[in-house]
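Data first, discussion second: the structure below is written as structure tokens.
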Amino acid sequence: MDRVINGVKIYNMNIFDNIMTFNQDNLDGDAFDYFGTRITYGELPALREAYARGLKLAGVKEGDVVTLCMPVSIENLMLLFACNLLKAVSNNVNFLFLKDDFNLYTQDKGSEIIVTLDAFLPYFTEHLAESSIKKVILMNLDDFLPAEKKGMFLDTSEMPEKMQEVFNVEQIMDCLQNLDKIKGVEFIRLEDLRIAGEQSDIPLDLGPTDLDRDISYFYTSGTTSKPKCVVYKEYSLNAYVEMHAGLDTQNFVGERNFQCIPLTHMTGERVCAIMPLARGGTLVPRPIYNKYTFAKDLSETNCQCAVATASFYLTSVRQGVISPTALENFRRPASGGEAVNINSVRKIDKWLRENGCTVRFSLGGGASEEGGATLVTYFMDEETKTNETGKPLEPYVHVKLVDDNGNLVEENEVLANLHATSPAAADRYLNNPKATAERWYVDENGTKWGVTGDIAMRHADGSYTIMGRASDSYVDENGKRVYLFMIESTLDENDPINEWEISAFRNEKGGYDVVGQVILDPDEAEPSAELVKYICDKYHLNAVKFYKEFEIGEITAKRDYILLAHDYKGYLTPCEDGRLMLVDYSENGSTVRIKTGRNFVIPINEKKSEEDK
């Protein structure tokens with residue numbers, strides 16, 4: 001039966017049927033455009049049922065956990081809908097999770113079937129024989145391509161280096177030719193399964209929906225190094241759509257939405273796929289995560305909306321102007337999931353203007369466990385929004401600030417812990433009652449609040465700025481907590497720094513050295529002893545290190561904060577005689593300091609992570 005949560009009426013239907021109710025007059029509109037293959041809204045129901053019947057023929061039944069390990073694609077979203085129709089649970093996993101800990105993400109979740117990209121298979125074939133997996137369903141990026149574009153992904157020359165490794169044709173073919181050696185596992189082509197589903201009359205249950213049913217597993221950010229399994233119920237997805245109904249979200253029927261965030265992320269599923277479909281938009285999937293071609297792809301696909309990590313935009317800023325009209329149709333340049341300092345936002349806005357976009361950069365904020373963006377900027381004045389400053393999605397999403405003792409903070413412009421409540425929030429962490437109790441609580445009024453882990457401040461206009469994570473801090477010798485993101489936010493836009501991170505490392509005195517990890521603007525400055533002293537003096541830093549660019553996390557496709565937080569060697573601090581001291585830190589606080597010569601050449605770090613090596 002229907003229910004009301006936080007004032008939102010949630011109808012007793014699955015998410016696909018909910019989306020289709022918004023598109024009854026848009027059946028001829030394009031739901032997908034995959035490199036020229038177009039699928040209309042009118043064609044979606046039959047496509048979903050074909051996949052659902054195919055899965056049912058493969059043995060999937062109500063309550064089964066189906067592991068989906070797929071790139072951004074038509075197939076991924078349609079399989080989410082198909083699993084939902086069969087009342088199965090979709091287990092949404094990044095292939096690098098599977099590569100590193102296969103059984104944790106399959107056997108421990110009770111999954112016996114996995115749908116994956118053939119290019120991902122070589123990374124976990126060695127685990128299959130001893131796993132719970134009985135069936136592997138393989139998709140290929142060619143499957144929905146127009147005839148004249150089939151094989152286009154064989155050319156890996158423009159892919160990022162890590163993706164070239166994944167799409168190694170010889171490696172993929174060798175793996176596929178040796179599948180018969182893996183005993184006890186059946187391999188099925190997803191395209192064959194879809195065709196079998198189209199030809200089958202096996203019955204499907206199209207009846208009422210159980211809103212309290214577990215429908216999906218997602219995982220918390222890989223930046224934590226210990227991701228937790230987040231469980232969502234049927235009502236959560238419907239609530240996400242319904243709480244936007246009637247609001248002017250500046251989305252329009254027919255607008256093109258560039259998809260580059262995998263559906264293994266909650267942002268990818270809800271913000272980048274579910275919401276655009278509910279608004280009658282066209283999804284433009286791009287399965288290869290490539291920040292180096294992001295700007296060109298946006299221009300060539302003529303997309304009006306895109307949600308991408310901030311690093312994509314900042315890379316594009318460094319690449320410069322495509323043309324004065326390249327992004328003239330771009331109406332929603334959006335990001336989320338990682339803090340962006342004001343200086344970087346200004347640079348992104350300038351780059352957008354120079355390429356013809358008349359709308360400022362928008363950011364969503366808030367933890368994915370709350371069901372999507374908790375704070376949004378697109379309701380704000382174009383002149384006032386800055387970095388992760390937004391308003392709750394009123395009247396349905398509510399936030400509050402509390403101090404470390406749980407007391408309500410009512411003053412403005414005060415740093416405090418951000419708690420949020422949303423009708424689209426997750427239900428729990430799977431089989432982890434302790435973590436669930438730490439993450440959610442119910443107040444005296446019966447409202448379920450989430451502890452986001454973010455530190456924020458409220459402004460007089462009712463907006464909030466998420467400054468950073470509570471964990472991005474250290475306790476000084478006086479027992480005071482120092483938030484490193486507060487130093488990052490002071491970056492002067494006139495300084496020759498494109499991006500930076502601030503970290504704190506234990507030193508030999510038992511305290512902390514606060515260091516700057518800096519990407520310079522190459523058009524404005526080169527590393528020098530004078531610049532090291534200038535940065536350290538101005539921002540009260542103990543040392544700095546220069547980078548060509550920051551590593552991007554393999555799993556999150558965001559800046560690799562774990563790597564930066566453990567990058568201990570090669571820092572520079574100024575000496576009184578104008579020379580520099582080379583400083584190497586360590587995990588345990590031991591520090592090596594060596595004074596450099598006067599002709600010391602300051603390095604720019606280009607090292608790869610240990611896994612890349």
Side-chain angles (χ1 to χ4, degrees), residues 15-16 18-44 72-74 76-78 81 144 237 240-261 263 267-287 294-309 312-313 316 322-323 325-336 348-349 352-353 355-364 372-373 376-380 382 385 390 393:
I15 186 60
F16 180 84
N18 201 342
I19 288 170
M20 292 306 296
T21 63
F22 288 98
N23 286 282
Q24 294 179 25
D25 299 322
N26 186 36
L27 298 181
D28 292 330
D30 289 334
F32 288 102
D33 178 357
Y34 182 64
F35 296 96
T37 295
R38 297 174 183 270
I39 298 173
T40 68
Y41 280 90
E43 294 170 325
L44 287 185
V72 180
S73 59
I74 295 172
N76 195 355
L77 186 55
M78 297 313 298
F81 293 147
F144 270 98
L237 265 180
Y240 180 74
V241 169
E242 292 299 335
M243 70 187 189
H244 287 79
L247 297 179
D248 180 15
T249 57
Q250 300 173 26
N251 295 113
F252 306 101
V253 172
E255 70 182 358
R256 295 169 62 79
N257 293 263
F258 189 84
Q259 282 187 284
C260 61
I261 297 182
L263 276 67
T267 299
E269 188 213 41
R270 297 198 177 188
V271 181
C272 305
I274 298 299
M275 197 63 232
L277 287 181
R279 293 289 180 174
T282 301
L283 302 181
V284 182
R286 285 299 179 268
F294 173 63
K296 178 173 69 74
D297 292 341
L298 275 179
S299 177
E300 292 178 353
T301 56
N302 193 30
C303 285
Q304 286 86 31
C305 302
V307 179
T309 60
F312 277 39
Y313 289 96
S316 300
I322 308 170
S323 81
T325 59
L327 303 178
E328 61 184 354
N329 294 320
F330 198 23
R331 292 198 296 263
R332 178 70 67 76
S335 185
I348 293 170
D349 281 337
L352 289 168
R353 286 195 305 272
N355 282 281
C357 177
T358 60
V359 180
R360 293 194 63 202
F361 187 49
S362 291
L363 288 102
V376 292
T377 58
Y378 48 74
F379 296 123
M380 299 188 69
E382 285 292 302
K385 66 185 181 185
L393 193 65

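Separation of the Phe35 and Phe144 ring centroids does not fall under the 6.0 Å cut-off.
Contacts of Ala295 classified as side-chain contact (heavy atoms from CB on, under 4.5 Å), with partners at least two apart in sequence or in another chain: Ser316, Ile322, Trp351. Shown here are the side chain to side chain donor-acceptor pair (under 3.5 Å) partners of Asp33, two or more places apart in sequence or in another chain: Arg38, Arg256. Judged as a ring-ring contact (aromatic ring centres under 6.0 Å, His included), and not counting sequence neighbours, Phe330 has no contacts. With sequence neighbours excluded, the residues forming a side chain to side chain donor-acceptor pair (under 3.5 Å) with Asn23 are Asn26, listed by chain and number. Residues meeting the side-chain contact (heavy atoms from CB on, under 4.5 Å) test with Thr40, sequence neighbours left out: Asp30, Glu43. For Ala31, the side-chain contact (heavy atoms from CB on, under 4.5 Å) criterion is met by Tyr41, Leu44, Leu277, not counting sequence neighbours. Taking Pro276 as the reference, Asn257, Leu283 meet the side-chain contact (heavy atoms from CB on, under 4.5 Å) condition, with sequence neighbours excluded. Glu255 meets the side chain to side chain donor-acceptor pair (under 3.5 Å) test with Asn251, Arg331; sequence neighbours excluded. Checked against ring-ring contact (aromatic ring centres under 6.0 Å, His included), Phe81 has the following partners two or more places apart in sequence or in another chain: Phe16.
Closest approach of Val307 to Ser335, counting heavy atoms only: CG1-CA, 4.4 Å. Between Ala306 and Tyr313, the shortest heavy-atom contact is O-OH, 3.5 Å. In this structure, Ala273 and Gln259 approach most closely via the heavy-atom pair CB-NE2, 3.7 Å. Here the closest heavy-atom approach between residue Leu27 and residue Met20 is recorded as CD2-CE, 3.9 Å. Contact record, Cys260 with Phe312: SG-CE2, 4.1 Å, taken as the closest heavy-atom pair. The heavy-atom pair separating Tyr34 from Pro285 by the smallest distance is CD1-O, 3.9 Å.
Interatomic distance, Thr358 OG1 to Leu327 CG, rounded to the nearest 0.5 Å: 10.5 Å. Rounded to the nearest 0.5 Å, atoms CZ (Phe252) and CZ (Arg279) are 9.5 Å apart. Lys296 contributes atom NZ, which lies 10.0 Å from atom OG1 of Thr301 (distance to the nearest 0.5 angstrom). Remark: Cys303 SG to Arg286 CZ distance equals 7.5 Å, nearest 0.5 Å.
No side-chain donor-acceptor contact under 3.5 Å links Thr282 to the backbone of Phe32. With Thr21 contributing its side chain and Asn18 its backbone, the two residues share a donor-acceptor pair below 3.5 Å. Within the 3.5 Å criterion, the main-chain N or O of Asn76 finds a donor-acceptor partner in the side chain of Ser73.
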Just do the side-chain contact (heavy atoms from CB on, under 4.5 Å) check on Tyr240 and Val271 with the steps written out, would you? CA-CA 9 Å; Tyr240 180 74; Val271 181; 3.4 Å; yes
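Proximity of Ile19 to Ile15: side-chain heavy atoms (C-beta onward) are separated by under 4.5 Å at one or more points.
The side chain to side chain donor-acceptor pair (under 3.5 Å) contacts involving residues 267-277 comprise Ser236-Arg270, where partners must be two or more places apart or lie in separate chains.
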